[in-house]
Amino acid sequence: FEVKNGQVLSFEVLNGKEINTYIIVGLGKLEDQEQMRRAAASVSRFLRQDKSKKYLINISFAFSIEAKHLTSLVEGFCLTAYSFSKYKKTPVLPDSKVDVVVNCNVHAKEMMAAFKKGEINSNAVYFARDIINESPSVLYPESLGAIIKKEFKNKTVSVQVHDVNWLKKNNMGGILAVGQGSAKKP
């Protein structure tokens, strides 16, 4: 049989009194990180549709990979699970326990760094998506400045928020023009 890139094939096996579900996801010839990201996203979507509360995911590769592929793997799993649920009473995603075992040629220290990088990247995308999805009545220039300052406080990033006078003085006509359409100042 042949499983195409990103396609998920699942089958169940009776193991004593339990039924174990096995998932095979197609990767094809791994040419870039996006293939890995999409394959992991396919598995993540499959698991979200499943009603189980506990998963053991054993990922094995029949070929050599690089640490960057593991970063993409984490991003694919995480970014597919994103949901803007700030105003929802019940969580969108089920409260599941997922244990992941990865068998590959990447050394443990390098593997953990790649996983951490994938987590950091995913959290950054979550933060950006949360800002994009926020209501304009809550998120306006002044509140955006406060959110950004709070997010990057105690980080190695410098944040400067400018007022209308600074925008005028520095010829930021585009920002001022867009801001004229709002009751809030840019």
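Atoms considered below: every heavy atom in the structure, side chains included; atoms not considered: hydrogens, waters and symmetry mates. All values derive from a computational prediction rather than experimental measurement.
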Asks: Could you work out, with side-chain contact (heavy atoms from CB on, under 4.5 Å) as the rule, every residue matching Met111, not counting sequence neighbours?
Replies: Leu70, Val102, Cys104, Val106, Phe115
Asks: Closest approach of Ser44 and Gly76, non-hydrogen atoms and distance?
Replies: CB-O, 4.3 Å
Asks: Apply side-chain contact (heavy atoms from CB on, under 4.5 Å) to the pair Ile59 and Asn103, showing each step before the final yes or no.
Replies: CA-CA 6 Å; Ile59 302 170; Asn103 301 305; over 6 Å; no
Asks: Quick check on the hydrophobic clustering: are Leu73 and Met112 connected, directly or via other members, by side-chain heavy-atom contacts under 4.5 Å?
Replies: yes
Asks: Side-chain heavy atoms under 4.5 angstrom apart, residues restricted to Ile, Leu, Val, Met, Phe, Trp, Tyr: same cluster for Val125 and Phe84?
Replies: yes
Asks: Counting C-beta onward and ignoring hydrogens, is there a side-chain heavy-atom pair between Leu139 and Ile147 closer than 4.5 Å?
Replies: yes
Asks: Side-chain donor-acceptor contacts of residues 158-173 below 3.5 Å, not counting sequence neighbours, with atom names and distances?
Replies:
residue	atom	partner	partner atom	Å
Asp163	OD1	Asn165	N	3.3
Asp163	OD1	Trp166	N	2.9
Asn170	ND2	Trp166	O	2.9

Asks: List in chain and number order the residues that pass salt bridge (charged side-chain N to carboxylate O under 4.0 Å, His left out) with Lys86, two or more places apart in sequence or in another chain; answer none if no residue qualifies.
Replies: Glu134
Asks: Just to verify, what does Arg38 make a side-chain hydrogen bond (donor to acceptor under 3.5 Å, both in side chains) with, not counting sequence neighbours?
Replies: Glu34
Asks: I need the minimum non-hydrogen distance between Ala114 and Ala67, along with the two atoms involved.
Replies: CB-O, 3.3 Å
Asks: Not counting sequence neighbours, which residues clear ring pair (Phe, Tyr, Trp, His ring centres under 6.0 Å) with Tyr126? List them please.
Replies: Tyr82
Asks: Give, for atom OG1 of Thr80 and atom CZ of Arg48, the distance between the pair rounded to the nearest 0.5 Å.
Replies: 6.5 Å
Asks: Among all residues two or more places apart in sequence or in another chain, which pass the side-chain contact (heavy atoms from CB on, under 4.5 Å) test with Gln180?
Replies: none
Asks: If we only count heavy atoms from C-beta on, is the Phe63 to Leu27 side-chain gap below 4.5 Å?
Replies: yes
Asks: NZ/Lys185 to CG/Leu176 distance, rounded to the nearest 0.5 angstrom?
Replies: 11.5 Å
Asks: Treat each ILVMFWY residue as a node, draw an edge where side-chain heavy atoms are under 4.5 Å apart, and state whether Phe127 and Tyr87 are in one component.
Replies: no
Asks: Report the C-alpha separation of Phe46 and Leu9 in whole Å, then their side-chain angles, then the decisive distance to 0.1 Å, and conclude whether the side-chain contact (heavy atoms from CB on, under 4.5 Å) test is met.
Replies: CA-CA 10 Å; Phe46 178 87; Leu9 172 69; over 6 Å; no
Asks: Could you pull out all residues at least two apart from Ser72 that satisfy side-chain hydrogen bond (donor to acceptor under 3.5 Å, both in side chains)?
Replies: Gln33, Arg37
Asks: Which side-chain hydrogen bond (donor to acceptor under 3.5 Å, both in side chains) pairs, counting each pair once, include a residue from residues 138-154, with sequence neighbours left out?
Replies: none
Asks: Just so I know, are the side chains of Phe11 and Ile24 near enough to count as touching, which here means a heavy-atom distance under 4.5 Å?
Replies: yes
Asks: Provide the full list of side-chain hydrogen bond (donor to acceptor under 3.5 Å, both in side chains) pairs with a residue in residues 116-125, sequence neighbours left out, each pair given once.
Replies: Glu75-Asn121
Asks: What heavy-atom pair brings Ala39 and Gly26 nearest, and what distance separates the two atoms?
Replies: CB-O, 4.0 Å
Asks: I need the full list of salt bridge (charged side-chain N to carboxylate O under 4.0 Å, His left out) pairs touching residues 103-114, with sequence neighbours left out, sorted by first then second residue.
Replies: none
Asks: Sequence neighbours left out, what passes side-chain hydrogen bond (donor to acceptor under 3.5 Å, both in side chains) with Ser137? Give chain and number order.
Replies: Ser135
Asks: Using the side-chain contact (heavy atoms from CB on, under 4.5 Å) criterion, which residues pair with Glu31? Sequence neighbours excluded.
Replies: Lys29, Gln35
